Amino acid sequence: MIDIKLIRTNPALVEAGARKKRIALDLSRIVELDNKSRAMQQDIDRMRAEQNAAAKLIGKAAPEERAKLAEEAKRAKGALKELEDAYGACEAELKAALLRVPNIPAEAVPEGKDDSENVEVKRWGMPRSFDFPFRDHIALGEAQDWIDVERGARIAGSRNYFLKGDLSLLEGAMMRFALERMVAKGFTSLSVPTLVRSDVMVGTGYFPGGEEQAYRCDERDDLCLVGTAEVPVTALHQDEILKLSELPKLYVALSSCYRREAGTYGKDTRGLYRVHQFQKVEQVVLDIADPQRSIEHHEMIVRNAEDVLQALELPYRIVNVCGGDLGAPQIQKFDIETWMPSRNNYGETHSASRFHDYQARRLSMRYRDAEGKVHFCHTLNNTVAASVRMLIALIENHQAADGRVWLPPALRPYMGGREWIGKVLS
RNA sequence: GGAGAGGUGGCUGAGUGGCCUAUAGCGCCGGCUUGCUAAGCCGGUGUACGGGGUUUUCCCGUACCGAGGGUUCGAAUCCCUCCCUCUCCGCCA
């Protein structure tokens, strides 16, 4: 959420930010509601002060005078109630409108309408050229009896799957490896709820707007399945005022992630690139409201992800996401895309976002500075390792001509020390 | 799912319609005193929004006692709904 005071003092800045994100925004209604709301608040405060004074007087008055005084006080109530109702409606509309105002993108965010205009900032590793006909992950997975999409669809609908045998184990190995690497860097590991109240979805910026992408429980429970551990982890300290001494908070969490993928029919239909459920290790940083510090954290969490990809010996590139491809909550975002031979291209595996206080303001997550003043925190997050997409990259990039898959040394301790998985295929 | 008990400030905990401007203690901050430590004494100690100002440290108003409604001139206190915690029973991985 944007600070209403910024909208009051510099609406042009907020509107320019929305333009860069290609998000339609009209602040005039918000400004109007804000002015109306403040005028009403002043009237209400004054009337309440009068009511309070009158009530106090009645309490002290002689019993025989009370009835008369109460009668007078009662008359004033009607107008106050009416004004309070109008104020409530105004505040509700203002709040709802404010939740939809996008965060202002950083200077460093490139102009552009969609992901085709994201700007590559780094490339690591050389995409492998195969001197044999390589198998894509589905062909390889089915030949090795590692992947079963047919039964996955039968059990749970399209875009669902079973992983079997060594690939199932490899998923766990990669998650465990990613987790331990982050813990070694000082991050605290969390096991988190993946069903959360919808106000947490609002707090992290997914709602309003992202309802179609989330699985929601029916009216019996106001709960949603999260699309990422970012949601419960970022909201961990909701409604708290943190001590300066306990910041920054560095968290890492492994969770299942659920995505409806509404509106993607016909897109990425082959294989496990786009699925409804997967495993992911996510990193979240919570710190003081210092833009420079946030930039440093942003660089740090990108490095953490690179570190994992390099250890897995997977070629990748980093893109600076352009305005039009940026979500409403982000200040800036770097996507990391890992080389996937079956796509003959890089595919998104990581997404590193910086929010400033956008999420913290919605979640009311604050800290007290050295002077004792209270501020909203800054939040950031990035993927460490996302299971199926990185499994695609792993088995496609590291396959041998005989159909076996080579394991990078970093994963071997988690796979019984083996250098190869899979049987020799004819 | 059934029955019961609860939710008050950073923490503990009092408060059953006006004396609440929310006791008290602990903690924390500042000061004083004391030959160290310890103890004692005095003062201070929430958040949000709005208004004003001599515009970082001030003043005023309003709101906040789990959340939201209601009753009342007046609600921490009474009523309703919901959320959460605990105990017992049932069911259950």
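Quick note: numbers below take in every heavy atom, side chains included, and nothing from hydrogens, waters or symmetry partners. The structure presented is a predicted model; accordingly, all values stated were derived computationally and were not measured. Here is how names work: the chains are called A, B, and so on, in the same order as the sequence lines, proteins then strands, and each is numbered from 1.
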Worksheet item: Do A/His137 and A/Tyr273 have a side chain donor and acceptor closer than 3.5 Å?
Response: no
Practice prompt. Hunt down the Watson-Crick or G-U wobble partner of B/rU12, both distances under 3.5 Å, from any strand shown, or write none.
Written response: B/rA24
Worksheet item: Does the side chain of A/Ile30 reach to within under 4.5 Å of the side chain of A/Ile7, using non-hydrogen atoms?
Response: yes
Worksheet entry | Partner nucleotide of B/rC32 by Watson-Crick or wobble geometry (both distances under 3.5 Å) | B/rG40
Fill in: Phosphate contact (B/rU47 OP1 or OP2) by A/Arg368 side-chain N/O below 4.0 Å
yes
Worksheet item: Does A/Arg38 CZ have over 12 foreign heavy atoms under 6.0 Å away?
Response: yes
Response to the item:
In Watson-Crick or G-U wobble terms, with both distances under 3.5 Å, the base opposite B/rU57 is none
Nucleotide N/O of nucleotides 61-70 of chain B paired with protein N/O under 3.5 Å:
from	atom 1	to	atom 2	distance (Å)
B/rG61	N2	A/Asp45	OD2	3.1
B/rU62	OP1	A/Asn52	ND2	3.4
B/rU62	O2'	A/Asp45	OD1	3.0
B/rU62	O2'	A/Arg48	NH1	3.0

Worksheet item: If you look at every strand shown and take non-hydrogen atoms under 4.0 Å, does A/Arg361 touch a base, only sugar-phosphate, or nothing?
Response: nothing
Response to the item:
Among the nucleotides B/rG50, B/rC84, B/rU21, whichever has the atom closest to the side chain of A/Lys56 is B/rU21
Worksheet entry | Partner nucleotide, any strand, of B/rC19 [Watson-Crick/G-U, under 3.5 Å] | none
Response to the item:
Partner of B/rU47 under the Watson-Crick or G-U wobble criteria, both distances under 3.5 Å, comes out as B/rA63
Discussion item. Heavy atoms only, 4.0 Å cut-off, all strands: where does A/Arg75 land among base, sugar-phosphate and nothing?
Written reply: nothing
Worksheet item: Is the shortest distance from a Lys or Arg side-chain nitrogen in A/Asp268 or A/Arg343 to a carboxylate oxygen in the other one below 4.0 Å?
Response: yes
Discussion item. Check this one for me: any side-chain N or O of A/Lys77 less than 4.0 Å away from OP1 or OP2 of B/rG74?
Written reply: yes
Worksheet item: So with a 6.0 Å cut-off around CZ of A/Arg8, is the heavy-atom count from everything else above 12?
Response: yes
Worksheet item: Nearest to the side chain of A/Lys5 - B/rG46, B/rA48, B/rC49?
Response: B/rC49
Worksheet item: Is B/rU77 paired to anything, Watson-Crick or G-U wobble with both distances less than 3.5 Å, and if yes, which nucleotide?
Response: none
Worksheet item: Will you find, in the side chains of A/His356 and A/Asn103, an N or O donor that is under 3.5 Å from an N or O acceptor?
Response: no
Item to complete: Check each of A/Gln277, A/Arg260, A/His276 against A/Tyr215 using the side-chain hydrogen bond (donor to acceptor under 3.5 Å, both in side chains) test, and report the only one that passes.
Response: A/His276
Worksheet item: A/Ala73 near the nucleic acid: base, sugar-phosphate alone, or nothing, with a heavy-atom cut-off under 4.0 Å?
Response: sugar-phosphate
Practice prompt. Indicate, with a heavy-atom threshold strictly under 4.0 Å, whether A/Ile58 touches base, sugar-phosphate, or nothing.
Written response: base
